[in-house]
There are 2 protein chains.
Amino acid sequence: MAPRSRPLVLDDVSKAIIEQLQTDGRRSYSEIGKAVGLSEAAVRQRVQKLTDAGVMQVVAVTDPMQLGFYRQAMIGIRVSGDTTAVAEEIGAIPAVDYVVLTAGSFDILAEVVCENDDDLIDLLNKRIRGIDGVQSTETFVYLRLHKQFYNWGTR
Amino acid sequence: MAPRSRPLVLDDVSKAIIEQLQTDGRRSYSEIGKAVGLSEAAVRQRVQKLTDAGVMQVVAVTDPMQLGFYRQAMIGIRVSGDTTAVAEEIGAIPAVDYVVLTAGSFDILAEVVCENDDDLIDLLNKRIRGIDGVQSTETFVYLRLHKQFYNWGTR
DNA sequence: CTGACTTGCCACGGAATCCGAACCGGAGCG
DNA sequence: CGCTCCGGTTCGGATTCCGTGGCAAGTCAG
């Protein structure tokens with residue numbers, strides 16, 4: 001949770017390792033080593049370094065729909081005053097899984113995951129719009145998730 | 001890439017397994033089994049089923065910044081005609097990692113990952129705005145990613 | 001140049017894990 | 001009752017994980 005580390009240049013081998021784990025996070029070190037031309041131990045050390053440095057993390061990602069969260073939305077938020085403070089507060093809400101400060105007609109974009117429409121309404125009215133500094137919000141209800149990639153690493 | 005398997009109810013044990021893998025995608029089956037009260041083989045079978053069904057996938061997620069992608073943005077797109085077709089075309093662009101059909105003042109939201117501003121400009125002008133049916137776009141350049149969670153599974 | 005230090009990789013071996021297959025018990029059904 | 005399906009457990013051999021030690025190639029100071 002603390003990516004406090006130097007730039008940490010990534011050579012081609014590390015990129016290759018990341019690509020391997022992007023396609024399958026459970027691939028064995030020796031298999032990766034075979035693919036990138038390194039020994040098992042070397043791969044292991046590099047993966048450890050990469051995760052320690054916060055460059056990469058291996059996790060399970062899920063389909064919210066199939067877990068009972070039937071309503072997702074992106075919320076554009078206009079703020080007066082310190083955007084960071086507001087972002088902090090919004091990020092503290094459990095239903096919010098993604099917060100980013102932006103330039104443009106919104107100051108903050110927040111993605112939320114709710115079980116149903118009632119939860120979304122409550123979230124908006126009772127939580128987000130009540131935050132000090134929030135001027136206005138605009139909600140984009142998700143109709144269909146069409147693409148979701150995690151392998152933007154090296155192209 | 002094809003979540004073609006509808007019903008598949010998730011009991012508490014499967015949810016617990018998912019939570020384990022959400023905190024660490026490389027945790028061993030036996031360790032998970034110990035945590036959720038199942039044998040190693042049973043955990044393995046369930047994980048296999050869950051991934052096959054598209055409920056969950058274990059992957060490496062990376063910090064784009066540390067991989068040389070210094071410019072991210074969300075692009076709101078207004079479309080005339082079939083939104084699905086446009087979404088399909090946008091999703092085919094490598095720099096686009098996230099596409100969702102929405103209700104609201106945008107028809108499509110697309111997150112893009114670029115190396116720099118020039119790439120972003122080219123992406124917008126030469127790729128996205130050239131797609132048939134795209135009426136207008138609005139770009140929200142990311143200033144700072146503030147929160148990003150993958151563990152929305154069960155709360 | 002040289003010696004101390006650092007860094008990254010490989011080799012190795014014991015412990016742990018993975019993984020396929022066999023087995024088992026309960027539920028549903030004719 | 002016999003049969004099948006399902007999900008769990010057990011089991012054993014192959015594989016992987018992981019700590020450790022060694023080695024070669026820098027780097028730096030004197």
Side-chain angles (χ1 to χ4, degrees), chain A residues 1-63 65-68 150-151 153-154, chain B residues 2-63 66-68 150-151 153-154:
Chain A
M1 253 326 130
R4 284 280 73 74
S5 200
R6 300 155 260 71
L8 190 71
V9 287
L10 297 190
D11 58 9
D12 291 339
V13 178
S14 285
K15 287 183 181 176
I17 292 175
I18 292 175
E19 282 181 64
Q20 292 286 320
L21 287 173
Q22 278 174 335
T23 65
D24 178 7
R26 294 214 128 233
R27 192 159 293 177
S28 73
Y29 292 135
S30 48
E31 195 176 348
I32 297 172
K34 230 166 291 174
V36 306
L38 236 57
S39 75
E40 171 268 333
V43 173
R44 182 155 39 92
Q45 288 164 359
R46 282 187 182 236
V47 169
Q48 191 60 47
K49 279 229 174 86
L50 288 172
T51 54
D52 286 350
V55 176
M56 167 191 88
Q57 63 187 115
V58 179
V59 293
V61 294
T62 55
D63 180 359
M65 279 291 179
Q66 302 206 41
L67 284 174
Y150 305 100
N151 51 330
T154 90
Chain B
R4 287 278 73 75
S5 178
R6 282 290 95 207
L8 194 70
V9 286
L10 295 191
D11 58 8
D12 291 339
V13 178
S14 286
K15 286 184 182 176
I17 292 175
I18 291 175
E19 281 181 63
Q20 292 285 320
L21 288 173
Q22 278 174 334
T23 66
D24 178 8
R26 293 214 129 231
R27 192 158 292 176
S28 72
Y29 291 134
S30 47
E31 195 176 348
I32 296 172
K34 228 166 293 175
V36 307
L38 236 56
S39 74
E40 169 267 334
V43 174
R44 184 154 38 93
Q45 287 165 2
R46 281 191 181 234
V47 169
Q48 190 61 46
K49 280 229 174 91
L50 289 171
T51 54
D52 285 349
V55 175
M56 168 191 88
Q57 63 187 117
V58 179
V59 294
V61 294
T62 55
D63 179 359
Q66 301 206 43
L67 285 174
Y150 305 101
N151 51 331
T154 89

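Each chain gets a letter, A, B and so on, in the order its sequence line appears, and its residues count up from 1. From a predicted model like this one, the values you see are computed outputs, not experimental measurements.
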Asks: May I ask you to say what Ala42(B) touches in the nucleic acid, namely base, sugar-phosphate or nothing, with a heavy-atom cut-off under 4.0 Å?
Replies: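 Since a base atom lies under 4.0 Å of Ala42(B), the category is base.
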
Asks: Tell me whether Thr51(A) contacts the main-chain N or O of Val47(A) through its side chain, where contact means a donor paired with an acceptor under 3.5 Å.
Replies: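 Yes.
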
Asks: Taking only side-chain N and O atoms of Lys49(B), does any of them lie within less than 4.0 angstrom of OP1 or OP2 on dG7(D)?
Replies: yes

Asks: Rounding to a whole Å, what distance do you find between Asp52(B):CG and dG7(D):P?
Replies: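 About 13 Å, once rounded to whole Å.
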
Asks: Measure from CZ on Arg46(B) to C1' on dC19(C) and round the result to the nearest Å.
Replies: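 Whole-Å distance recorded here is 18 Å.
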
Asks: Between Glu31(A) and Ala41(A), which has a closest nucleotide on DNA chain D that is more 5'?
Replies: Glu31(A)

Asks: Nearest whole Å is fine: how far is dC10(C) P from Tyr29(A) OH?
Replies: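 Spelled out: OH on Tyr29(A) to P on dC10(C) is 16 Å.
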
Asks: Go nucleotide by nucleotide along DNA chain D from the 5' end; which of Val43(B) and Gln45(A) gets its closest nucleotide reached first?
Replies: Val43(B)

Asks: Write down the distance between CD (Gln48(B)) and P (dG20(C)), rounded to a whole number of angstrom.
Replies: 8 Å

Asks: Whether the side chain of Glu40(A) and the base of dC18(D) hold a donor-acceptor pair under 3.5 Å is what I'd like checked.
Replies: yes

Asks: With a cut-off of less than 4.0 Å, is there a side-chain N or O of Ser39(B) near OP1 or OP2 of dG8(D)?
Replies: no

Asks: Tell me which nucleotide among dC17(D), dG8(D), dC18(C) gets nearest to the side chain of Ser30(B).
Replies: dC18(C)

Asks: Just the rounded figure in Å: distance from C1' of dT16(D) to CG of Asp24(A).
Replies: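 Going from CG in Asp24(A) over to C1' in dT16(D) covers 15 Å.
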
Asks: State, with a plain yes or no, whether a side-chain heavy atom of Ile18(B) is found less than 4.5 Å away from one of Leu50(B).
Replies: yes

Asks: Does Arg44(A) contact dG19(D) through a side-chain donor or acceptor facing the base, at a distance under 3.5 Å?
Replies: yes

Asks: Examine the side chains of Asp52(B) and Gln48(B) and answer whether a donor and an acceptor come within less than 3.5 Å of each other.
Replies: yes

Asks: Please tell me if the side chains of Met56(B) and Leu67(A) come closer than 4.5 Å, counting only heavy atoms from C-beta onward.
Replies: no

